[in-house]
Amino acid sequence: MKSIGEVAAQFGLPTHVLRHWEAEGLVTPVRAGDRRRYTDADLYRVAAILISKEAGFGLADIRTMLAARSAPDRHEVMARHRERLLTRIAQAQAALDMLEGGLECPHDDIMTCSHFQGLLADRL
């Protein structure tokens, strides 16, 4: 078992983030007196929370996903999150394509470049 300081250091987080996640019901470390002790299961939860946050999910959505009590309930929540994430990935890919197209453009005024305009055609 690890202390809050050890877990925070492992994930590069300030300790107050772990305390906040505990208050929000995302993690439930064991208490040894007044000290928090994190199990391996807690570490996996912290990793899942971080990945979810990096993907843009809010704490309430993460809590709902992690708190599902059955596989069907969890699958339903995860499917909704998956659809939102796929949309965000498509949006990020379109932005990346535009930037890469702009980097290839030799024109001084990028808006006159037919290749660049082609990358924007879907938005017109």
Side-chain angles (χ1 to χ4, degrees):
M1 298 226 283
K2 293 185 176 191
S3 71
I4 191 170
E6 291 170 325
V7 174
Q10 178 175 340
F11 290 99
L13 298 169
T15 56
H16 71 84
V17 169
L18 293 171
R19 287 187 195 96
H20 178 67
W21 290 353
E22 181 181 359
E24 292 292 318
L26 293 167
V27 293
T28 53
V30 175
R31 294 289 182 144
D34 62 343
R35 304 244 180 226
R36 292 167 176 87
R37 304 303 291 171
Y38 291 81
T39 65
D40 288 343
D42 293 318
L43 299 180
Y44 283 105
R45 249 182 126 73
V46 170
I49 293 165
L50 286 171
I51 290 170
S52 298
K53 285 189 60 55
E54 290 165 359
F57 299 128
L59 294 182
D61 290 333
I62 297 168
R63 181 179 45 252
T64 300
M65 183 173 58
L66 296 179
R69 294 291 175 212
S70 70
D73 289 345
R74 184 181 63 253
H75 293 170
E76 179 184 330
V77 172
M78 289 181 138
R80 280 195 312 267
H81 290 297
R82 180 181 183 272
E83 290 308 312
R84 281 191 265 163
L85 186 56
L86 286 171
T87 298
R88 290 186 66 221
I89 289 168
Q91 291 167 338
Q93 185 62 55
L96 181 60
D97 291 347
M98 182 189 71
L99 292 173
E100 288 177 346
L103 288 170
E104 296 170 1
C105 176
H107 294 85
D108 288 333
D109 180 357
I110 196 169
M111 298 314 297
T112 63
C113 175
S114 61
H115 176 70
F116 188 76
Q117 289 173 351
L119 295 170
L120 303 174
D122 288 347
R123 291 294 179 113
L124 300 178

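FYI, the numbering just counts along the sequence from 1. What you see is a predicted model; the values in this text were computed from it and never measured.
- Across all non-hydrogen atoms, the minimal contact from P29 to D42 is CA-OD2, 3.9 Å.
- Between G101 and F116, the shortest heavy-atom distance links the atoms C-CD1, 4.3 Å.
- Looking at V77 and R74, their side chains never come closer than 4.5 Å, going by heavy atoms from C-beta outward.
- E100 meets the side-chain contact (heavy atoms from CB on, under 4.5 Å) test with L96, D97; sequence neighbours excluded.
- Other residues sharing a hydrophobic cluster with M1 under the 4.5 Å side-chain heavy-atom criterion for ILVMFWY residues are V30.
- Atoms CD1 and CG, from I4 and L13 in turn, are 10.0 Å apart once rounded to the nearest 0.5 Å.
- Residues G5 and T15 come closest through the heavy atom pair CA-CG2, 4.1 Å.
- Of all the heavy atoms in I110 and C105, the pair that sits closest is CG1-SG, 4.1 Å.
- Note that CG of L85 is 11.5 Å distant from CE of M78, once rounded to the nearest 0.5 Å.
- Residue-environment remark: CZ (R84) exceeds the threshold of 12 foreign heavy atoms within 6.0 Å.
- Side-chain atoms of L119 and H115, non-hydrogen and from C-beta on, do get closer than 4.5 Å to each other.
- The number of heavy-atom neighbours closer than 6.0 Å to CZ of R69, taken from other residues, nucleotides and ligands shown, is 12 or below.
- With sequence neighbours left out, F57 forms a ring pair (Phe, Tyr, Trp, His ring centres under 6.0 Å) with H81.
- A search for side-chain contact (heavy atoms from CB on, under 4.5 Å) contacts involving L59 returns H20, W21, E24, L26, K53, I62, not counting sequence neighbours.
- Taking the side-chain contact (heavy atoms from CB on, under 4.5 Å) definition, one finds that P14 meets it with H16, V17, sequence neighbours left out.
- Inter-residue side-chain proximity for V27 and R36 is flagged as unmet; no heavy-atom pair is nearer than 4.5 Å.
- In this structure, the separation between CZ on R45 and OG1 on T39 is 10.0 Å, given to the nearest 0.5 Å.
- Side-chain atoms of M111 and L120, non-hydrogen and from C-beta on, do get closer than 4.5 Å to each other.
- Evaluation of the salt bridge (charged side-chain N to carboxylate O under 4.0 Å, His left out) test over residues 103-124, restricted to residues two or more places apart or in two chains, returns none.
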